[in-house]
Q: 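Here's a structure for you.
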Amino acid sequence: MNILSIRTLLFLIYLLVFLPLMAFRSRNKIIPASEEVDAQYSSLKAIWFWTLFNHGMLFLLAWLASQEVSFKPFSMPAIDLIDGLYAVAALSVCVAISSLVRSSQSARETAKEAITHWLLPRSMSEAALKSLTVLTASVVEEVAYRGVGYYIIWQLFGNPWLAAVVCSIAFGLAHWVQGWKNVVGIIAIGAVLQGLVVATNTLFLAIAVHVLFDIVAIIQAKREAR
């Protein structure tokens with residue numbers, strides 16, 4: 001097992017450095033565009049296609065790194081009732097964190113930070129593309145942050161708590177486009193999902209919770225946008 005191979009280093013750089021930097025850059029571009037009605041319809045699909053491309057690259061690098069360190073992201077142990085209860089509890093906590101973040105925002109902050117409202121689909125084709133983006137994000141982000149990234153950093157430093165903190169922060173920073181208050185909430189959500197993975201010893205339940213949480217978030221965003 002080669003923790004410091006070229007594959008694992010490329011993966012860590014992409015995960016911990018490149019994605020946060022791209023999130024900062026994207027936010028600087030999206031905020032001006034979101035204020036122009038004509039730009040909304042021309043750039044939404046481009047944003048989602050770029051997001052899907054990044055998901056593909058992240059998954060490829062995570063998969064190559066997982067092979068290098070003999071980590072199996074899709075191993076499926078027996079799941080019992082207590083694991084299901086952990087998943088329900090994790091989803092409830094994630095929704096509560098999201099609600100707390102939204103309630104802490106002033107009306108001005110909500111208008112400024114509500115990039116997710118601007119990114120809501122407006123047609124069937126956009127809805128299909130958005131759904132694909134949500135699905136790939138749920139799988140790829142859990143594999144990369146809660147699975148491969150967590151395992152590699154844990155093995156490098158011998159500290160699972162440090163690995164969880166680093167991956168949760170990187171996960172939040174990769175969503176900087178949503179604004180700093182949302183980033184804080186996403187860091188907390190990442191920590192909750194990491195705890196679920198540790199408790200259940202599988203990524204599948206975290207992926208399921210991630211999907212359900214994103215669906216709830218989209219429904220809430222649509223309600224707020226109205």
Side-chain angles (χ1 to χ4, degrees), residues 1-33 43 46-73 94 97 101 113 115-116 119 133-195 197-198 203 206-207 210 213-214:
M1 181 173 67
N2 191 357
I3 296 294
L4 289 177
S5 67
I6 297 297
R7 292 180 181 181
T8 56
L9 285 175
L10 284 175
F11 166 68
L12 290 177
I13 290 171
Y14 194 86
L15 187 76
L16 305 179
V17 180
F18 179 77
L19 289 180
L21 288 178
M22 286 302 299
F24 282 106
R25 181 173 177 269
S26 296
R27 179 166 176 81
N28 292 333
K29 285 189 172 184
I30 287 176
I31 286 182
S43 57
I47 290 171
W48 287 329
F49 276 122
W50 175 246
T51 302
L52 287 171
F53 173 79
N54 278 324
H55 289 169
M57 284 297 299
L58 180 58
F59 183 81
L60 175 62
L61 292 173
W63 182 260
L64 292 175
S66 71
Q67 301 303 301
E68 195 74 23
V69 299
S70 301
F71 177 82
K72 297 179 179 179
C94 289
I97 292 171
V101 170
E113 305 291 344
I115 301 300
T116 51
L119 293 173
T133 304
V134 168
L135 181 61
T136 57
S138 301
V139 175
V140 174
E141 289 177 351
E142 294 310 310
V143 169
Y145 290 98
R146 258 67 70 183
V148 183
Y150 170 76
Y151 180 78
I152 290 175
I153 296 172
W154 178 8
Q155 297 303 309
L156 275 174
F157 297 99
N159 189 329
W161 292 98
L162 175 64
V165 169
V166 170
C167 289
S168 297
I169 292 175
F171 178 59
L173 293 178
H175 293 78
W176 187 262
V177 69
Q178 297 182 31
W180 74 269
K181 282 191 175 181
N182 284 304
V183 166
V184 173
I186 291 169
I187 290 173
I189 288 170
V192 171
L193 292 173
Q194 189 69 70
V197 172
V198 172
L203 291 173
I207 290 172
H210 196 146
F213 173 78
D214 282 347

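On a predicted model such as this, the values are computed, not experimentally measured, just so you know.
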Q: T8: what forms a side chain to side chain donor-acceptor pair (under 3.5 Å) with it, not counting sequence neighbours?
A: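 T8 satisfies side chain to side chain donor-acceptor pair (under 3.5 Å) with S5 once adjacent residues are dropped.
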
Q: Taking side-chain contact (heavy atoms from CB on, under 4.5 Å) as the definition, give me every residue that meets it alongside L162, ordered by chain and number, with sequence neighbours left out.
A: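 Once residues adjacent in sequence are excluded, the partners of L162 under the side-chain contact (heavy atoms from CB on, under 4.5 Å) criterion are F157, N159, V166.
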
Q: I need the I189 CD1 to F213 CZ distance, nearest 0.5 Å.
A: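 Rounded to the nearest 0.5 Å, the CD1-CZ separation comes to 3.5 Å.
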
Q: Which residues pass the side-chain contact (heavy atoms from CB on, under 4.5 Å) test with V197, sequence neighbours left out?
A: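 V197 satisfies side-chain contact (heavy atoms from CB on, under 4.5 Å) with R146, Q194, L203, A206 once adjacent residues are dropped.
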
Q: I need the I97 CD1 to N182 CG distance, nearest 0.5 Å.
A: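 The CD1 atom of I97 sits 12.0 Å away from the CG atom of N182.
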
Q: A163 and I153: which non-hydrogen atoms are nearest, and at how many Å?
A: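 Scanning both residues, the minimum pair turns out to be CA-CG2, 3.7 Å.
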
Q: Rounded to the nearest 0.5 Å, what separates atom CG in L21 from atom CG in L173?
A: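 Answer for the CG-CG pair, L21 versus L173, is 9.5 Å.
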
Q: Are the side chains of L12 and V17 in touch, meaning some heavy atoms are under 4.5 Å apart?
A: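 No. Closest side-chain heavy atoms not under 4.5 Å.
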
Q: Among residues at least two apart in sequence or on other chains, which ones pass side-chain contact (heavy atoms from CB on, under 4.5 Å) with T51?
A: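 For T51, the residues satisfying side-chain contact (heavy atoms from CB on, under 4.5 Å) (neighbours in sequence not counted) are I47, H55, T133.
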
Q: So F11 and S66, do their side chains get closer than 4.5 Å, heavy atoms only?
A: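 No. Closest side-chain heavy atoms not under 4.5 Å.
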
Q: Heavy atoms only: give me the nearest G190-S168 pair and the separation to one decimal.
A: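 That closest heavy-atom pairing would be C-OG, 3.6 Å.
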
Q: Tell me the closest heavy-atom pair linking I186 and Q178, and the distance in Å.
A: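 Heavy atoms only, the tightest pair is CD1-OE1, 3.8 Å.
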
Q: When rounded to the nearest 0.5 angstrom, what is the spacing between CG in L193 and OH in Y150?
A: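 Between atom CG of L193 and atom OH of Y150 there are 13.5 Å.
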
Q: Return the minimal non-hydrogen interatomic distance between L15 and A170, and the atom names on each side.
A: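 Scanning both residues completely, I find the closest heavy atoms to be O-CB, 4.2 Å.
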
Q: With respect to L58, which candidate in V148, V143, V140 satisfies the side chain to side chain contact (heavy atoms under 4.5 Å, CB included) definition?
A: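 Single pass found, and it is V140.
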
Q: Return the CG to CG distance between L135 and D214, rounded to the nearest 0.5 Å.
A: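 Rounded to the nearest 0.5 Å, the CG-CG separation comes to 10.0 Å.
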
Q: Run the side chain to side chain donor-acceptor pair (under 3.5 Å) test against Y14 and tell me which residues pass, sequence neighbours left out.
A: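 Only N54 meet the side chain to side chain donor-acceptor pair (under 3.5 Å) criterion with Y14.
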
Q: Rounded at 0.5 Å granularity, tell me how far OG in S138 sits from CD1 in I207.
A: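 S138 OG to I207 CD1: 8.0 Å, rounded to 0.5 Å.
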
Q: Taking the side chain as every heavy atom from C-beta outward, state whether L19 and Y145 have any atom pair closer than 4.5 Å.
A: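 In contact.
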
Q: Contact between M57 and F53 at the side-chain level, heavy atoms closer than 4.5 Å - yes or no?
A: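 A side-chain contact under 4.5 Å exists here.
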
Q: If you look at every heavy atom in Y151 and V69, which pair is closest and at what distance?
A: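 Heavy atoms only, the tightest pair is CE2-O, 3.8 Å.
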
Q: Of the non-hydrogen atoms in G149 and C167, which two are nearest, and what is the gap between them?
A: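 The pair with the smallest heavy-atom distance is C-SG, 3.6 Å.
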
Q: With sequence neighbours excluded, tell me which residues meet ring-ring contact (aromatic ring centres under 6.0 Å, His included) with W63.
A: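 Not a single residue meets the ring-ring contact (aromatic ring centres under 6.0 Å, His included) criterion with W63.
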
Q: Step through the shown structure and confirm whether more than 12 heavy atoms of other residues, nucleotides or ligands are within 6.0 Å of CD1 on I6.
A: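 At most 12 heavy atoms, drawn from other residues, nucleotides or ligands, come within 6.0 Å of this atom.
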
Q: Going by the angle between their ring planes, with limits at 30° and 60°, are F171 and H175 parallel, tilted or perpendicular?
A: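 Rings of F171 and H175: perpendicular, over 60°.
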
